[in-house]
Amino acid sequence: MLAAKVRAVERLLGRAVDRVHECPCGDLGYRMKISLRVTRDKEKDGLPRFAWHEPKSKHLTFLDKSFPIAHERINKALPVVLDRIQKDPSIGHSLFETKLHTSLLGDLMISLVYRVPLTETVWSPAAEELGEAVREATGATRVNMIGRSRKQNIVLGNPYVLEKFPILDGDGVSHDFWYRQSAEEFSQPNGLMNNIMLQWAADATRLPANDRPVENDLLELYCGNGNFTSVLSKFNYEYTLASEIGRVGVKDAIWSLAKNKSHQAKVVRMSSHEMCQAFFNERQFQRLREVDLDDYLFRTIFVDPPRQGLDVGSVRILSTHQGQIIYVSCNPVTMKRDIEAIRELSPFKMEIKELVCFDQFPNTDHLELGAVIQMTPP
Ligand SMILES: C[S@@+](CC[C@H](N)C(=O)[O-])C[C@H]1O[C@@H](n2cnc3c(N)ncnc32)[C@H](O)[C@@H]1O
């Protein structure tokens, strides 16, 4: 299946893939976060059960307690949670979705989403008890419980899991990078593969010491919780400016930059469209009052957009860029469209120096890509 996915990417992009990273834990146990519906199994015993949409299926499939592609810790938690859902109305009543999110570090976060408002004095003690039972069953370092309904968000513990990735610098010395992965914000679902992607990005942007320009700055669009920002700004750049649309993502990125001592990096809450307006001096932003874009010399622009790919503003920014572009993509089709758009608009010569595949979701159609693109004068 992986070989076929890689061949399809090569055909689509008209270029050979330089390297394929297989999922380090194989086909099972790789997903650090899952979302399951809770619905009654009327054909069996009428009790609520977990169900999910199998890829390409419109129908819900009931889960037989375990979810093999999810991390072992999630699988140990599932029967404990299901037992409470079925037996304790303070947990199970009007529940329609359960989200489980764990980290390689050992944290676990369980979000229970309800149709009707929760009575906090009833739900919280029951959820606390459930969290403790899950902690005992899974050996998780910490179990955070979240109860949500419309306009209601009860958090017992932290509204995030703590994560840590070891990344090698240019001398082969390992550094730990810390992150908060919040409940409602994007984070890479395959932790082990994310570690590989971070190492790849660190290596791809590293210049030999004797070849490193004095002014060597990074612009990152779609930075999420600062996943790549922390590593790249600390290892390879003098100053970094990163932007992200999500409020919690920005908060987590600021936390991660401080925790990882990536002191020369700034994160601003801006959409890529707004970033484009600021970049071309088309609009002034209060949010950029402490940032003078003219102070930066961006050698690299790093983008990791959602599935729909880059917006027009990002394409405009990238098409005026001379230097390196790193494009991380979860959708080869929009990546191809964007690369072609940049090539068409840019006065510079484009060369795809490296194309790498990361099999984040084995046995599915999805394939994550990383491209190193160089824009040079014609
Ligand atoms: C695929 S995620 C990548 C995040 C990060 N690089 C990571 O590795 O976790 C894409 C991110 O783009 C953000 N985003 C989506 N649309 C955006 C927009 N129009 N402007 C800025 N950020 C956007 C999302 O909130 C999300 O955090």
Side-chain angles (χ1 to χ4, degrees), residues 1-23 27 30-31 33 35 53-58 69 185-190 193-194 196-198 200-201 204 219-224 227-228 243-246 249 271-273 275-276 300-321 324-346 348-375:
M1 172 116 193
L2 178 56
K5 287 197 281 189
V6 172
R7 269 199 311 276
V9 162
E10 291 183 327
R11 264 198 309 274
L12 181 75
L13 296 178
R15 185 198 189 281
V17 163
D18 297 294
R19 177 127 199 232
V20 179
H21 290 278
E22 289 184 35
C23 181
D27 294 358
Y30 60 84
R31 268 202 91 109
K33 47 200 280 197
S35 179
H53 279 286
E54 286 196 63
K56 291 182 189 159
S57 165
K58 285 190 187 134
I69 61 170
E185 290 291 323
F186 177 88
S187 56
Q188 302 284 352
N190 183 332
M193 189 53 88
N194 187 43
I196 291 174
M197 286 164 54
L198 289 174
W200 168 79
L219 174 64
E220 185 183 352
L221 308 174
Y222 312 92
C223 76
N227 187 37
F228 291 98
S243 67
E244 159 64 38
I245 201 168
S271 71
S272 40
H273 172 68
M275 202 60 200
C276 172
T300 300
I301 303 184
F302 187 102
V303 291
D304 179 11
R307 283 192 69 72
Q308 61 264 38
L310 301 175
D311 72 327
V312 175
S314 308
V315 170
R316 269 183 78 202
I317 294 176
L318 289 166
S319 60
T320 59
H321 179 63
Q324 189 184 49
I325 295 172
I326 306 278
Y327 191 143
V328 174
S329 166
C330 55
N331 185 346
V333 174
T334 51
M335 183 193 210
K336 175 191 162 79
R337 178 203 68 199
D338 294 339
I339 288 178
E340 279 175 2
I342 297 164
R343 198 197 301 270
E344 207 149 286
L345 285 174
S346 174
F348 302 114
K349 189 161 72 73
M350 175 189 274
E351 188 188 351
I352 301 179
K353 295 270 203 193
E354 195 185 353
L355 183 62
V356 180
C357 294
F358 306 95
D359 198 16
Q360 278 238 35
F361 306 101
N363 279 334
T364 71
D365 289 342
H366 292 277
L367 194 58
E368 193 88 7
L369 302 178
V372 181
I373 300 166
Q374 197 66 34
M375 307 297 291

So, do M197 and F228 sit near enough that their side-chain heavy atoms are less than 4.5 Å apart? yes
Smallest separation among heavy atoms of H321 and Q324, with atom names: NE2-O, 3.0 Å
Would you say Y327 and L369 make side-chain contact, with heavy atoms under 4.5 Å? no
Rounded to the nearest 0.5 Å, how far apart are CZ of R343 and CE of M375? 8.5 Å
Quick one: does E10's side chain have a donor or acceptor within less than 3.5 Å of a partner on A16's backbone? no
Nearest heavy-atom contact between D338 and L310 is OD2-N, 2.8 Å
Flag yes if more than 12 heavy atoms outside R15 fall under 6.0 Å of its CZ atom; otherwise flag no. yes
Return the NE2 to CH2 distance between H21 and W200, rounded to the nearest 0.5 Å. 8.5 Å
Shortest non-hydrogen contact between F358 and G370, atoms and distance: CE1-N, 3.9 Å
To the nearest 0.5 Å, how far apart are CD1 in I326 and NZ in K353? 12.0 Å
Checking the side chain of N194 only, and the main-chain atoms of Q188 only, is there a donor and an acceptor separated by less than 3.5 Å? no
Minimal non-hydrogen separation, L13 against M335, with atom names: CD1-SD, 4.4 Å
Sorted by chain and number, sequence neighbours left out, ring-ring contact (aromatic ring centres under 6.0 Å, His included) with Y222 holds for none
Distance from L2 atom CG to C357 atom SG, nearest 0.5 Å? 7.5 Å
Donor-acceptor pair, side chain of S346 and main chain of S319, under 3.5 angstrom: yes
Quick one: does D18's side chain have a donor or acceptor within less than 3.5 Å of a partner on L355's backbone? yes
In this structure, are over 12 heavy atoms from other groups packed under 6.0 Å from H53 atom NE2? yes
Output yes when a side-chain donor or acceptor of T334 lies under 3.5 Å from a complementary backbone atom of R307, and no otherwise. yes
Check: C276 main-chain N/O paired with R316 side-chain donor or acceptor under 3.5 Å: no
Close side-chain approach of D359 to L367, heavy-atom, < 4.5 Å: yes
Counting distance only, does the side-chain N/O of K5 pair as donor-acceptor with the main-chain N or O of P362 below 3.5 Å? no
Identify the two heavy atoms, one from R31 and one from F361, that lie closest to each other, and give their separation to 0.1 Å. NH1-CE2, 3.5 Å
